[in-house]
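Here is the structure we will look at, set down as structure tokens.
Keep in mind that this is a model prediction, so the values were computed, not measured.
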Amino acid sequence: MNSTRPLPVEEADPYRERFYGIAEIAEALGLNRQLVTAWRRRRSHGIPEPDAELSSGPIWRGETVEPWIDQLRDRRETQPLTGEVALKAARRMLRISALLLEQPIRLRLLSQALAEARELIPIVDEADDDPLGQGVKQLLSPLRRVGDEPKDLKAFRQLVLAELAQLEPLIGMAAESLPDPESGG
């Protein structure tokens with residue numbers, strides 16, 4: 001006879017899970033799933049390797065990921081946006097602008113450029129709300145208003161080009177935060 005035994009009952013902590021996926025980790029940290037997915041893809045922030053991969057995505061046992069979550073919660077404070085990230089956002093938006101000005105517009109390249117620029121949104125959202133962070137959030141704002149492939153390319157082009165008008169002061173702030181190139185050795 002095939003009988004199943006219930007899992008052992010443990011003292012339940014309402015804030016702990018037996019298993020975590022990306023969504024549960026994001027919820028535990030108060031972040032969005034996109035950011036946690038980006039951390040995992042880049043292997044950044046010390047995120048542990050998952051215990052298993054399911055067709056729905058990675059899965060961690062609580063005892064694997066909870067110490068990392070606790071450690072991250074303890075040290076998590078917003079940090080100022082780096083000049084490197086700000087300049088990367090500027091370059092990506094300039095690339096999108098150039099693609100939007102081409103005739104005919106190469107939709108495959110535009111879609112790729114949009115995806116690359118969107119990767120910066122979680123990083124920017126996590127940063128301090130200082131003038132540089134605010135400027136980069138504003139620069140990337142057209143990406144929040146459209147899907148993967150903008151339906152109205154003319155209107156989207158106008159949004160992007162309008163934000164580029166703010167690029168000069170943003171680049172100035174970003175450049176000030178970069179190390180001196182002559183001291184790099």
- Where do E119 and R41 land on the side chain to side chain contact (heavy atoms under 4.5 Å, CB included) test, with the steps shown first? CA-CA 11 Å; E119 288 178 357; R41 187 175 46 246; 4.2 Å; yes

Using side-chain hydrogen bond (donor to acceptor under 3.5 Å, both in side chains) as the criterion, list what pairs up with [X], not counting sequence neighbours.
X	value
E116	R95, Q112
R33	none
K137	D129
T82	none

- For the side chain of W68 and the backbone of G46, is there at least one donor-acceptor N/O pair under 3.5 Å apart?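 Answer holds: yes.
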
For [X], all residues meeting side chain to side chain contact (heavy atoms under 4.5 Å, CB included), sequence neighbours excluded:
X	answer
L161	S97, L101, R157, L164
L159	P142, R145
E63	R61

- Message: Listing request: all salt bridge (Lys or Arg N to Asp or Glu O under 4.0 Å) pairs with a residue in residues 158-172, at least two apart in sequence or in separate chains.
- Response: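 The answer is none; no pair qualifies.
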
- Query: Do NZ/NE/NH1/NH2 and the carboxylate oxygens of E102 and R106 come within less than 4.0 Å?
  - Reply: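 Between R106 and E102 there is a salt bridge, with a charged N closer than 4.0 Å to a carboxylate O.
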
- Query: Where do W39 and L72 land on the side chain to side chain contact (heavy atoms under 4.5 Å, CB included) test, with the steps shown first?
  - Reply: CA-CA 13 Å; W39 286 357; L72 197 61; 3.4 Å; yes

Can you see which heavy atom on [X] is nearest to which on [Y], and at what distance?
X	Y	value
S141	Q138	OG-O, 2.7 Å
Y20	G62	CE1-CA, 3.8 Å
L109	L99	O-CD1, 3.6 Å
I121	L140	CG1-CD1, 4.2 Å

When rounded to the nearest 0.5 angstrom, what distance separates [atom1] in [X] from [atom2] in [Y]?
X	Y	atom1	atom2	value
L167	R91	CG	CZ	11.5 Å
L153	L107	CG	CG	6.0 Å
W60	R40	CH2	CZ	5.0 Å

Are side-chain heavy atoms of [X] and [Y] found at a separation under 4.5 Å?
X	Y	value
I59	E53	no
V65	P48	yes
I96	L143	yes
V136	V85	no

- Message: For L35 and L29: C-alpha separation, side-chain torsions, deciding distance, then whether side chain to side chain contact (heavy atoms under 4.5 Å, CB included) applies.
- Response: CA-CA 11 Å; L35 179 61; L29 292 170; over 6 Å; no

- Working for side chain to side chain contact (heavy atoms under 4.5 Å, CB included), residues D125 and L31: CA-CA 10 Å; D125 286 349; L31 302 171; over 6 Å; no

Partners meeting salt bridge (charged side-chain N to carboxylate O under 4.0 Å, His left out) with [X] (sequence neighbours left out):
X	answer
D130	none
R42	none
R108	none

- Message: Tell me which pairs pass side chain to side chain donor-acceptor pair (under 3.5 Å) where either residue lies in residues 23-32, with sequence neighbours left out.
- Response: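 Qualifying pairs, neighbours excluded: none.
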
